[in-house]
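These notes concern the structure reproduced below.
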Amino acid sequence: MSDNAIELLNKHINTETILSNIKNPALVVGISGKVARVNNRCSKLLPELVEGMNLSDVFSEKGVFGSFTQMIRHGLSVSGLHPCNITRKSPEKSNQSRFLGYFAMLRSQITHRPIAILVHVDEQNSKRERFIRLQQALSQRVSVLRQLHKDGLHDPLTKLKNRRFMDSFLAMECDLNKRQLQQGSLAVIDIDYFKHVNDTFGHTTGDRVIKIVADVIRERLRESDVSCRWGGEEFAVYLHNTTGVDAITLAEELRILVQSKKIVEQGKTIRITVSLGITTITHNDTPTSLFSRADSALYKAKQQGRNQVYIEFS
């Protein structure tokens, strides 16, 4: 709406006075559909709404009464304040903002004929809309954080759990054992002569060896067992309800399965073997004491020639 048109409108109705007395967002729209004036609250809520532009440039025509023309017809036929839907236009439907509004016909103080429409936006409704959008944003953020948390508990190379997870898990198992005497064994597994593989064939080949061992562990273990890449070429496996001879038997199976694997690199065959140290959880164990005992058993397995299983009791 041009400055002259606003001046003419103001001769018939004082839009500034009308809007200044409205605490919630409000605007005056000429019969042609052009925005004549907006109050400060409306400018903050709908900054894209500028005086002189068409209302249809910002808002969808679809509403309670179907279109702006139908709103005028309704306002002319029935006096008073009437509800309407106010929907922002947006290239993405997910970004649309819907508000509950009210409109009323404004008549000239001189001719008493309808000359404009006052549109009143329900401030409480707009607050609810912002609250809903905020909740949606928070929900998306929580979803992302959960995914990051999940990813943060897995080793990216092997897809096994990582040491951070196993530390927490062992603490839980030690606590359960104190209260319920829950049985289990911890096996620490180390790839034999891994440094030689890395130094001779490079880290890419070393990663292949690590993944092969991880796959063997994953495929052999039961769903109730928990495995992780402890770090470097070392793995930790917790065997639920498994002690003594049963733990040794399962560890031997792992050792034999790994021993059957080999890769060819630069025309040379690399045979893969592992050493395993096992211990059984006790009533007095902490995560540190449990792992220390299994690690000690691993050290003895290596001392005795590698590619073997050694169990150490408390």
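All residue numbers in this chain count up from 1 along the given sequence. Just so it is clear, the structure is predicted and the values come from calculations on it, not from any experiment.
- Of the charged side-chain nitrogens involved, none lies within less than 4.0 Å of a carboxylate oxygen, so that K268 and E265 do not count as a salt-bridged pair.
- The existence of a salt bridge linking D215 and R218 is confirmed by a sub-4.0 Å separation between a basic side-chain nitrogen and an acidic carboxylate oxygen.
- Judged by distance alone, the side chain of T242 and the main-chain N or O of G184 form no donor-acceptor pair under 3.5 Å.
- With a 4.5 Å cut-off on side-chain heavy atoms, T280 and Q183 do not count as touching.
- L186 and I248 fall into different hydrophobic clusters, where Ile, Leu, Val, Met, Phe, Trp and Tyr are joined by side-chain heavy atoms under 4.5 Å apart, directly or via other members.
- Shortest non-hydrogen contact noted between I115 and S108 is CG2-N, 4.0 Å.
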Q. When you look at S224 and N241, which way does the side-chain contact (heavy atoms from CB on, under 4.5 Å) test go after all the steps?
A. CA-CA 9 Å; S224 60; N241 295 319; over 6 Å; no
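- Checked against salt bridge (Lys or Arg N to Asp or Glu O under 4.0 Å), R220 has the following partners two or more places apart in sequence or in another chain: E253.
- Under the 4.5 Å side-chain criterion, counting only non-hydrogen atoms from C-beta, C174 is in contact with I281.
- Between L276 and R255, the closest heavy-atom pair is CD1-CB, 3.8 Å.
- Looking at heavy atoms from C-beta onward, F103 lies out of side-chain contact with V29 at the 4.5 angstrom threshold.
- In this structure, N162 and C228 approach most closely via the heavy-atom pair O-CB, 3.8 Å.
- Counting only residues at least two apart or on different chains, the ring pair (Phe, Tyr, Trp, His ring centres under 6.0 Å) pairs with a member in residues 240-268 are F169-H240, Y238-H240.
- To the nearest 0.5 angstrom, I191 atom CD1 is 14.0 Å from H196 atom NE2.
- Considering only residues two or more places apart in sequence or on other chains, E312 meets the salt bridge (Lys or Arg N to Asp or Glu O under 4.0 Å) condition with K300.
- Contact between P25 and N39 at its shortest, heavy atoms only, is CA-OD1, 3.7 Å.
- When side chains are defined from C-beta on, T279 counts as touching L290, because their heavy atoms get closer than 4.5 Å.
- To the nearest 0.5 Å, the span separating CG on L250 from OG on S185 amounts to 9.5 Å.
- Between D285 and R293 a salt bridge is recorded (basic side-chain N to carboxylate O distance below 4.0 Å).
- Between R208 and I270, every side-chain heavy-atom pair lies at or beyond the 4.5 Å cut-off.
- A salt bridge (charged side-chain N to carboxylate O under 4.0 Å, His left out) check over residues 183-198, counting only residues at least two apart or in different chains, returns the pairs D190-K302, D192-K302, K195-D199.
- For the pair H12 and T111, the minimum side-chain heavy-atom distance is below 4.5 Å.
- For R271, there are no salt bridge (Lys or Arg N to Asp or Glu O under 4.0 Å) partners, not counting sequence neighbours.
- When all heavy atoms of F235 and A214 are compared, the closest pair comes out as CE2-CB, 4.0 Å.
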**Q.** Stepwise side-chain contact (heavy atoms from CB on, under 4.5 Å) test for F201 and V209
**A.** CA-CA 11 Å; F201 301 101; V209 171; over 6 Å; no
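- Residues passing the side chain to side chain donor-acceptor pair (under 3.5 Å) test with D246: none are found, sequence neighbours excluded.
- Taking hydrophobic clusters as Ile, Leu, Val, Met, Phe, Trp and Tyr residues chained together by side-chain heavy-atom distances below 4.5 Å, M166 does not share a cluster with I210.
- Contact check for K161 versus H154: side-chain heavy atoms found under the 4.5 Å cut-off.
- Considering only residues two or more places apart in sequence or on other chains, S260 meets the side chain to side chain contact (heavy atoms under 4.5 Å, CB included) condition with none of them.
- For T269, the side chain to side chain donor-acceptor pair (under 3.5 Å) criterion is met by no residue, not counting sequence neighbours.
- In terms of modelled atom types and a separation under 3.5 Å, the side chain of E51 and the main chain of V38 share a donor-acceptor contact.
- Tracing side-chain contacts under 4.5 Å through hydrophobic residues (I, L, V, M, F, W, Y), one never reaches L298 starting from I272; they form parts of separate clusters.
- In terms of the side chain to side chain donor-acceptor pair (under 3.5 Å) criterion, S227 has no residue partners (sequence neighbours excluded).
- With sequence neighbours excluded, the residues forming a salt bridge (Lys or Arg N to Asp or Glu O under 4.0 Å) with E48 are R88, listed by chain and number.
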Q: Tell me, with the steps shown, if V226 and F165 meet side-chain contact (heavy atoms from CB on, under 4.5 Å).
A: CA-CA 10 Å; V226 176; F165 174 88; 3.6 Å; yes
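- Sorted by first and then second residue, the ring pair (Phe, Tyr, Trp, His ring centres under 6.0 Å) pairs with a member in residues 264-314 read W230-F291; sequence neighbours excluded.
- I256 and V216 are assigned to two separate hydrophobic clusters, defined by single-linkage of ILVMFWY side chains at heavy-atom distances under 4.5 Å.
- Hydrophobic cluster membership differs between L239 and L176, with clusters built from Ile, Leu, Val, Met, Phe, Trp and Tyr side chains linked at under 4.5 angstrom.
- Heavy-atom minimum distance, S275 versus A301: CB-CB, 4.3 Å.
- Remark: T286 pairs with T288, S289 by the side chain to side chain contact (heavy atoms under 4.5 Å, CB included) rule, at least two apart or across chains.
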Q.
Could you walk me through whether M105 and I31 satisfy the side-chain contact (heavy atoms from CB on, under 4.5 Å) test, starting with their C-alpha distance in whole Å, then the side-chain angles of each, then the deciding distance to 0.1 Å, before giving a yes or no?
A. CA-CA 9 Å; M105 296 299 299; I31 295 296; 3.8 Å; yes
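- Residues V121 and N24 have side chains not in contact (no heavy-atom distance under 4.5 Å, counting atoms from C-beta outward).
- Although no hydrogens or angles enter the test, the distance criterion places no donor-acceptor pair under 3.5 Å between the side chain of S296 and the main chain of S292.
- Taking SG of C42 as the start and CG of L19 as the end, the distance is 8.5 Å to the nearest 0.5 Å.
- Atom-to-atom distance recorded for I189:CD1 and E234:CD is 9.5 Å, nearest 0.5 angstrom.
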